[in-house]
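As structure tokens, the structure follows; a few thoughts come after it.
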Amino acid sequence: MNPPADLAAAQWTERLLETMVAADRPAAALVLDQILATGFAPGRVIAAILDPALVKLGRLWGAENISLTQTFVAAKIAEDVLVRCVPGAETTAAHRSPAVIGNIEDDFHSLGRRIVGSFLRAAGWDVHDLGNDVLPEQFVDKALEVGAVVIGVSAMMQTTALNIRKLRSLIDARGLQGRLRLAVGGAVFNWRPDLVAEVGGEGTAANAAGVDALFHRLQAEAQGAPRG
Ligand code: B12
């Protein structure tokens with residue numbers, strides 16, 4: 001940890017957040033130009049600047065201090081940052097194990113999932129991202145097709161998190177429990193950790209930085225499980 005660098009990151013977070021609150025996408029692009037011009041590593045921008053800005057934005061939304069329109073433009077700004085800072089170029093690992101991710105049925109909060117996918121790719125996973133509003137059958141069929149043993153499901157709302165139970169039931173009904181491991185994540189699991197077990201998840205991570213370690217743990221568990 002480098003205190004001056006962290007201080008700089010916190011200041012950039014505030015500048016980026018200001019453009020989100022102002023719903024000013026061109027200004028956000030300029031802020032990102034400035035950040036990258038300082039030599040800040042693109043991969044670190046996501047975890048050190050974008051992620052905290054979105055968490056603060058979430059608090060403003062919760063306190064009803066910003067509108068849906070502002071949030072929508074903020075989401076577009078976050079996508080712009082992601083596109084420019086996806087850490088693929090920094091990939092060092094090369095294990096290329098397949099993994100499947102997606103947002104559960106009825107959930108359209110794509111940002112967190114996309115950040116998770118970027119971090120997994122950077123860590124060397126061969127990520128199959130099924131997108132938003134994914135049905136249980138689609139998760140299981142894709143995992144079997146590509147030989148993935150870890151499925152990572154994102155859900156941001158309490159209502160949509162409960163849809164993960166259908167995926168749990170399907171995995172169990174097909175006798176794939178143990179062999180296919182289920183990671184769950186999204187803001188709602190950070191507020192209510194008990195929900196992980198309630199929906200049948202086998203692990204979570206509070207943010208994208210913890211997802212590689214979680215997927216490795218679940219992969220090791222699956223590879224040690226008896227074939228069903
Ligand atoms: C941005 C946002 C939106 C955007 C989404 C844009 C997009 N393309 O993603 C828009 C405007 C579209 C939207 C719509 C809605 N939203 Co909204 N939204 C948010 C907001 C402000 C931020 C979410 C976000 O992007 N966070 C930033 C990312 C980086 O964080 P994250 O998603 O948590 O992801 C990180 C971790 O959780 C983890 N992670 C994520 N996925 C996974 C998966 C795995 C396997 C693992 C291990 C880890 C992991 O890693 C990620 C990266 O570090 C939240 C507020 C909040 N506090 O979360 C509300 C919020 C989630 N929304 C909410 C609601 C109600 C809605 C709407 C119903 C609003 C409406 N009336 O239309 C709709 C529903 C849409 C739907 N059906 O999905 C509520 C949910 C309430 C609840 N208790 O369930 C919240 C909490 C706001 C609130 N306080 O009321 N929303």
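No experiment lies behind these values; they were computed from the predicted model shown.
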Determine whether [X] and [Y] make a side-chain contact, defined as any pair of heavy atoms from C-beta on separated by less than 4.5 Å.
| X | Y | result |
| --- | --- | --- |
| L214 | R217 | yes |
| K166 | L135 | no |
| L182 | I164 | yes |
| V134 | I104 | no |
| R84 | D80 | no |
| L16 | T19 | yes |
| V199 | N163 | no |
| M20 | L54 | yes |

Atom pair [atom1] ([X]) and [atom2] ([Y]), whose distance is rounded to the nearest 0.5 Å:
| X | Y | atom1 | atom2 | value |
| --- | --- | --- | --- | --- |
| L120 | I115 | CG | CD1 | 12.0 Å |
| D33 | I35 | CG | CD1 | 9.5 Å |
| L32 | W12 | CG | CH2 | 9.5 Å |
| L82 | L50 | CG | CG | 6.0 Å |
| R174 | R179 | CZ | CZ | 11.0 Å |
| I151 | L167 | CD1 | CG | 5.5 Å |

Could you pull out the closest heavy-atom pair between [X] and [Y], with the gap in Å?
| X | Y | value |
| --- | --- | --- |
| F40 | A9 | CZ-CB, 4.0 Å |
| T13 | A53 | CG2-N, 3.5 Å |
| A148 | V100 | CB-CG2, 3.9 Å |
| V150 | Q219 | CG2-N, 3.8 Å |
| A161 | L195 | CB-CD2, 3.9 Å |

Next on the checklist: Between R168 and E202, does any side-chain N to carboxylate O distance fall below 4.0 Å?
Outcome noted: yes
Next on the checklist: For R15, is there an ion pair with E18 - N to carboxylate O distance below 4.0 angstrom?
Outcome noted: no
Item to check | Main-chain N/O of Q177 paired to D172 side chain as donor or acceptor, under 3.5 Å | outcome: no
Next on the checklist: Quick one: does any side-chain atom of Q11 pair with a main-chain N or O of A8 as donor and acceptor, under 3.5 Å?
Outcome noted: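 No, because the side chain of Q11 does not come within donor-acceptor range (under 3.5 Å) of the backbone of A8.
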Item to check | Path from F108 to L162 over hydrophobic side-chain contacts below 4.5 Å | outcome: no
Item to check | Hphob cluster co-occupancy, V45 + L17, side-chain heavy atoms under 4.5 angstrom | outcome: yes
Checklist entry - Listed by chain and number, what are the ring pair (Phe, Tyr, Trp, His ring centres under 6.0 Å) partners of F139, not counting sequence neighbours? => result none
Checklist outcome for this item: Those residues at least two apart in sequence (or on a different chain) that pass side chain to side chain contact (heavy atoms under 4.5 Å, CB included) with N190 are A206
Next on the checklist: Tell me whether the rings of W125 and F215 are parallel (<30°), tilted (30 to 60°) or perpendicular (>60°).
Outcome noted: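 Judged by the thresholds at 30° and 60°, the geometry between W125 and F215 is perpendicular.
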